[in-house]
Amino acid sequence: MTIKEIYEAFDKIGSCTFATINGTYPETRIAHFLAYDEEGIYFSTMFTKPFYKQLIETKKVAVCGLCAETKVTEIDEENIYFEPGYFARINGDVKEVSIDELKAKDNPIFKYFIADKERYPAMVAFVLYRARGEIFDYDFEMENRENKVERVRFSYGGFSVEPAGLSITDKCINCGQCFNICSFKAIYKDDTKYSINGTRCDECGDCYLKCPVKAIIHKGE
Ligand code: SF4
Ligand code: SF4
């Protein structure tokens with residue numbers, strides 16, 4: 001995904017949860033991204049807020065948001081319903097950007113920052129210049145497609161990404177039990193062996209627990 005596509009996925013959500021570390025504990029607040037360019041994705045706060053202090057001290061942030069109806073509907077005592085949607089998450093390194101630097105970019109996308117600085121002189125801008133994350137698109141009842149989950153992982157600014165999903169190793173004896181139990185339709189068989197499509201895998205662990213020869217591994221191992 002390009003930085004523009006990542007920004008647009010968050011922009012569609014609007015308000016997101018921004019997490020920082022305050023000493024030893026994480027803290028969250030609601031904020032939103034405001035702009036992007038080839039350098040990264042931008043947001044603002046006030047230098048008078050703890051958010052600013054934590055950003056300056058750690059130079060890191062994690063952000064997530066949900067693009068869907070947030071209400072979880074109870075269908076019956078054993079089942080709940082999630083309206084199809086996606087959540088987006090991103091984390092990485094931030095640095096402060098002065099308003100003069102934003103003005104020098106001469107990009108209309110930064111007009112809001114510049115106007116906001118005049119409205120609220122304590123306003124400061126940050127750019128998330130190196131990051132990785134994921135768009136996790138879900139349709140658990142398969143109303144609009146034949147599989148429940150589609151995940152896209154991304155990175156920019158020099159970070160790499162680890163593919164999503166569990167993996168099947170050479171210990172596999174081709175019994176097919178994982179294929180039969182995976183309700184996410186993430187397991188497929190080519191001519192000779194079973195494999196997991198990480199973009200469809202929820203990492204639910206059903207196949208891991210079912211495999212009789214421990215041929216499936218997860219990222220925590
Ligand atoms: S359950 Fe285990 S052994 Fe059987 S096909 Fe799947 S990975 Fe292979
Ligand atoms: S972890 Fe869950 S979703 Fe992923 S392949 Fe195994 S059973 Fe399917």
Side-chain angles (χ1 to χ4, degrees), residues 1-3 5-10 12-13 16-17 19 26 28 60-92 130-156 158-221:
M1 291 178 77
T2 63
I3 293 176
E5 290 168 334
I6 297 164
Y7 170 78
E8 287 172 348
F10 281 96
K12 191 172 169 191
I13 293 169
C16 295
T17 301
T28 57
K60 291 178 175 30
V61 74
V63 182
C64 70
L66 177 67
C67 187
E69 168 62 60
T70 54
K71 189 170 185 303
V72 179
T73 312
E74 190 174 304
I75 298 171
D76 55 42
E77 287 180 356
E78 295 187 355
N79 294 287
I80 51 178
Y81 173 74
F82 297 90
E83 181 183 297
Y86 71 85
F87 73 76
R89 63 181 172 86
I90 187 169
N91 64 70
R130 184 166 53 209
R132 61 169 66 93
E134 181 176 77
I135 308 295
F136 188 102
D137 186 304
Y138 58 88
D139 180 356
F140 292 126
E141 302 304 323
M142 294 182 278
E143 295 167 49
N144 305 311
R145 61 178 185 233
E146 64 168 17
N147 54 304
K148 294 182 181 180
V149 160
E150 287 178 6
R151 316 172 68 166
V152 179
R153 291 196 168 174
F154 57 78
S155 66
Y156 62 83
F159 271 1
S160 58
V161 283
E162 190 177 7
L166 275 62
S167 306
I168 296 177
T169 67
D170 291 343
K171 288 185 185 172
C172 175
I173 56 171
N174 282 329
C175 71
Q177 292 188 58
C178 55
F179 176 83
N180 292 331
I181 202 169
C182 179
S183 66
F184 288 82
K185 299 183 181 175
I187 299 180
Y188 61 96
K189 189 182 185 189
D190 60 19
D191 291 344
T192 55
K193 64 185 180 74
Y194 287 94
S195 301
I196 294 175
N197 177 349
T199 64
R200 289 187 173 196
C201 176
D202 181 59
E203 300 174 357
C204 72
D206 283 357
C207 60
Y208 178 87
L209 294 170
K210 192 74 179 173
C211 179
V213 293
K214 298 192 184 312
I216 299 176
I217 54 173
H218 61 78
K219 300 293 187 304
E221 291 179 307

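For the single chain, residues carry numbers from 1 onward in sequence order. Counting starts at 1 for both ligands and their atoms, in listed order.
- Which parts of ligand 2 touch Phe184 is read off a 4.0 Å heavy-atom cut-off, strictly below it: atoms 3 (S).
- Asp137 and Arg200 are not joined by a salt bridge, as no carboxylate oxygen comes within less than 4.0 angstrom of a charged side-chain nitrogen.
- A donor-acceptor pair under 3.5 Å is formed between the side chain of Thr169 and the backbone N or O of Ala215.
- Both cation-pi conditions hold for Arg132 and Phe159: the charged atom is under 6.0 angstrom from the six-membered ring centre and inside a 45 degree cone around its axis.
- If you look at Arg200 next to ligand 2, there are no close heavy atoms at all, none under 4.0 Å.
- Ranking protein heavy atoms by distance to atom 6 (Fe) of ligand 2, first place goes to Cys207 SG, 2.3 Å.
- Within the set Gly205, Cys204, Cys178, the minimum heavy-atom distance to atom 2 (Fe) of ligand 2 is found for Cys204.
- Counting heavy atoms under 4.0 Å from ligand 1, residue Ile168 touches it through the side chain alone.
- For ligand 1, the atoms sitting less than 4.0 Å from at least one non-hydrogen atom of Ile216 are 7 (S), numbered in the order shown with element in parentheses.
- Ranking the protein heavy atoms by distance from atom 3 (S) of ligand 2 puts Asp202 N, 3.4 Å first.
- Nearest heavy-atom pair across Tyr194 and Asn174 is CD1-OD1, 3.5 Å.
- Of the protein's non-hydrogen atoms, Cys182 SG, 2.3 Å is the one closest to atom 8 (Fe) of ligand 2.
- In this structure, Gly165 does not count as a contact residue of ligand 2, since none of its heavy atoms falls inside 4.0 Å of the ligand.
- Atoms of ligand 1 lying under 4.0 Å from at least one heavy atom of Ile173, given by number and element, are 3 (S), 8 (Fe).
- Of all the heavy atoms of Val213, the ones lying under 4.0 Å from any atom of ligand 1 belong exclusively to the side chain.
- Within the listing of ligand 1, atoms 3 (S), 5 (S), 7 (S), 8 (Fe) sit less than 4.0 angstrom from a heavy atom of Cys172.
- Among all non-hydrogen protein atoms, the one lying nearest atom 4 (Fe) of ligand 1 is Cys175 SG, 2.3 Å.
- For ligand 2, the atoms closer than 4.0 angstrom to any heavy atom of Cys201 are 1 (S), 3 (S), 4 (Fe), 5 (S).
- Each of the following atoms of ligand 1 lies closer than 4.0 Å to a heavy atom of Gly176: 4 (Fe), 5 (S).
- No more than 12 heavy atoms of other residues, nucleotides or ligands shown are found within 6.0 angstrom of CG on Asp170.
- Under the 6.0 Å distance and 45° angle rule, Lys148 does not count as a cation-pi partner of Phe140.
- For the pairing with Cys207, the side-chain contact (heavy atoms from CB on, under 4.5 Å) check across Cys178, Cys201, Cys182 returns one residue only, Cys178.
- Taking every heavy atom of both residues into account, Gly165 and Arg151 meet most closely at N-NH1, 4.2 Å.
- Pairing each heavy atom of Gly85 with each of Ala68, the nearest pair is CA-CB, 3.8 Å.
- Residues Tyr86 and Ala9 come closest through the heavy atom pair OH-O, 2.6 Å.
- At a heavy-atom cutoff of 4.0 Å, ligand 2 is contacted by the side chain of Ile187 but not by its backbone.
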